[in-house]
Structures are given as C-alpha cells and as structure tokens.
Number of protein chains: 2
Amino acid sequence: MALLLDFYGELLTEKQKEYLDLYYNEDFSLAEIARPRGITPQGVRDLTRRGEGILRDTETKTGLLARFTQISGTAGEIREKLQRIEARTGDETLTPLFQEIYRDLETLDLG
Amino acid sequence: MALLLDFYGELLTEKQKEYLDLYYNEDFSLAEIARPRGITPQGVRDLTRRGEGILRDTETKTGLLARFTQISGTAGEIREKLQRIEARTGDETLTPLFQEIYRDLETLDLG
C-alpha cells in the first residue's frame, strides 16, 4: 500500500493522501489520526478505505506498479550478470565503465 | 498522446478510449469517427478533449510516463557502455552473457 501511495497518491484528495500517509508510512493508528482532528476513528477508516480503493483500482487498470517492479527485478539480474562478466575480465581499465553501469542500474530500482 | 493512451487509457470510459484510439492510433478523422455512429464531429471532439484532459492530468500528477521514458533512456546508455566493454574484452566465451543482458535491456524499452 505504501508503494501504491507513492505511485498514485497524487490522484487522491489531500485528506485521503494525508491520512493514508500517516497510517501506512508514519504508523499512526486510526485513533491517533482521528483525535486531533475531532473526528471518529470510523470516519478516518471510511476515508482511508475509499482512498485505498482508488489506489488499488488504478493499479488494476494500469498495471504500472507491476511494470516497475519487474523493471527493478530485471535491473537486479543485469547487475548480477555484469558482476560475473567483470570477475572474468582481468582488465582494470574497464572498472570505471562497470562502475558507471552499476550507478545507472541503481536509478532503475524502485523508490 | 498515443503513449499517454497506452499508459492510462484504462482510466477512461470505453467511448473515450475507443475514440482516442481511432483518432491517434488509427488516424481516423473526427468526421470518420462521427459518421457511422450518427453523431457530429463536434460531439466526438468534446469527448476526445475530455479524455485527453484526463490523460494529461494523470501524467501531471503521477509523472509515471516521464519516469518510464527516463528508464528507456538509461537502458540505452547501459547498452552503449556494455558494447564498449564487449569490444574491449577479447573473451568470446562471454558472448552469451552479453547477449542475455542485451535481451534484458530490450524489455526496459518503452512499448
């Protein structure tokens, strides 16, 4: 849910985003979110449920988080194969180029 | 717009998606879309405009197409660096491993 919020959070209302962020990223309880706002925990729950529905629905329709997750996996596989290549080439003048690719691959990781 | 449609098309209504697909992917004119459906070209235009707005708005909020475009670019840079490494290692037993990585990189290209 934290990943879905990172991906699609901007599609929610400000309140939905704020409460879901507090709940999933900051580990607040429903009561802790509700109290300072003068609403009931159930009110918070209704609002976060709606937000969760929108996030899940968006992923079901677009599948973009799944696509990114796959990209991250592929980046990991490339890294592993590249390390095998690097271990078998004795040429140290290639090290900076390998390092550059490892840095490129890091940018493909999620988050 | 074709890329936006590919990414977020499922967030539109069936009609919005259908008309935008005909217009941007199949190169139909507004009149050609309108005629067999017994509606006016302006009616088609209103509907596609609304759909385009939703697609643009979704990208403005999430930036996911931009993120994918960047990944495609990074994959191209990795490919180019890898080819330089391959050209400088004389070891032909590594060729299958290089080939595997090129195939992995292809899966990171858009579309």
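Everything numeric in this text was worked out from a predicted model, so none of it was measured. Every chain is numbered from 1, with letters handed out A, B, ... down the list of sequences.
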Is D104(A) in contact with chain B via its backbone, its side chain, both, or neither, using a 4.5 Å heavy-atom distance? both

Fit a plane to each ring of F68(A) and F68(B), take the angle between them on a 0 to 90° scale, and name the class: parallel (under 30°), tilted (30 to 60°) or perpendicular (over 60°). tilted

Quick one: closest heavy-atom pair of I71(B) and L108(B), and the distance? CG2-O, 4.0 Å

Mind ranking T89(B), T62(B), L97(B) by heavy-atom pairs under 4.5 Å with chain A and telling me who comes out on top? L97(B)

Residues 74-85 of chain B: residues contacting chain A (heavy atom under 4.5 Å, by number): T74(B), E77(B), I78(B), K81(B), L82(B), R84(B), I85(B)

State which residues pass side chain to side chain donor-acceptor pair (under 3.5 Å) with E10(A); sequence neighbours excluded, sorted by chain then number. K17(A)

Does E86(A) reach the main-chain N or O of Q99(A) with its side chain, forming a donor-acceptor pair under 3.5 Å? no

Residues that E32(B) engages under side chain to side chain donor-acceptor pair (under 3.5 Å), provided they are two or more places apart: S29(B)

For the side chain of E59(A) and the backbone of R56(A), is there at least one donor-acceptor N/O pair under 3.5 Å apart? no

For chain A, which residues from residues 34-51 of chain B have at least one heavy atom closer than 4.5 Å to it? none

Side chain to side chain, T95(B) and F98(B), heavy atoms closer than 4.5 Å: no

Please look at T60(A) and chain B and tell me whether the side chain, the backbone, both or neither of the residue comes under 4.5 angstrom of a heavy atom of that chain. neither

Distance-only polar pair, side chains of E52(A) and Y23(A), donor-acceptor under 3.5 Å: no

Establish, from distance only, whether the side-chain atoms of Y19(A) and E14(A) form a donor-acceptor pair under 3.5 Å. no

Could you tell me whether the side chain of Q16(A) and the main chain of T13(A) form a donor-acceptor pair under 3.5 Å? yes

Between the CD atom in E18(B) and the CD atom in E26(B), the distance rounded to the nearest 0.5 Å is 11.0 Å

Looking at D57(A), T58(A), D91(A), L64(A), which has the largest count of heavy-atom pairs under 4.5 Å with chain B? L64(A)

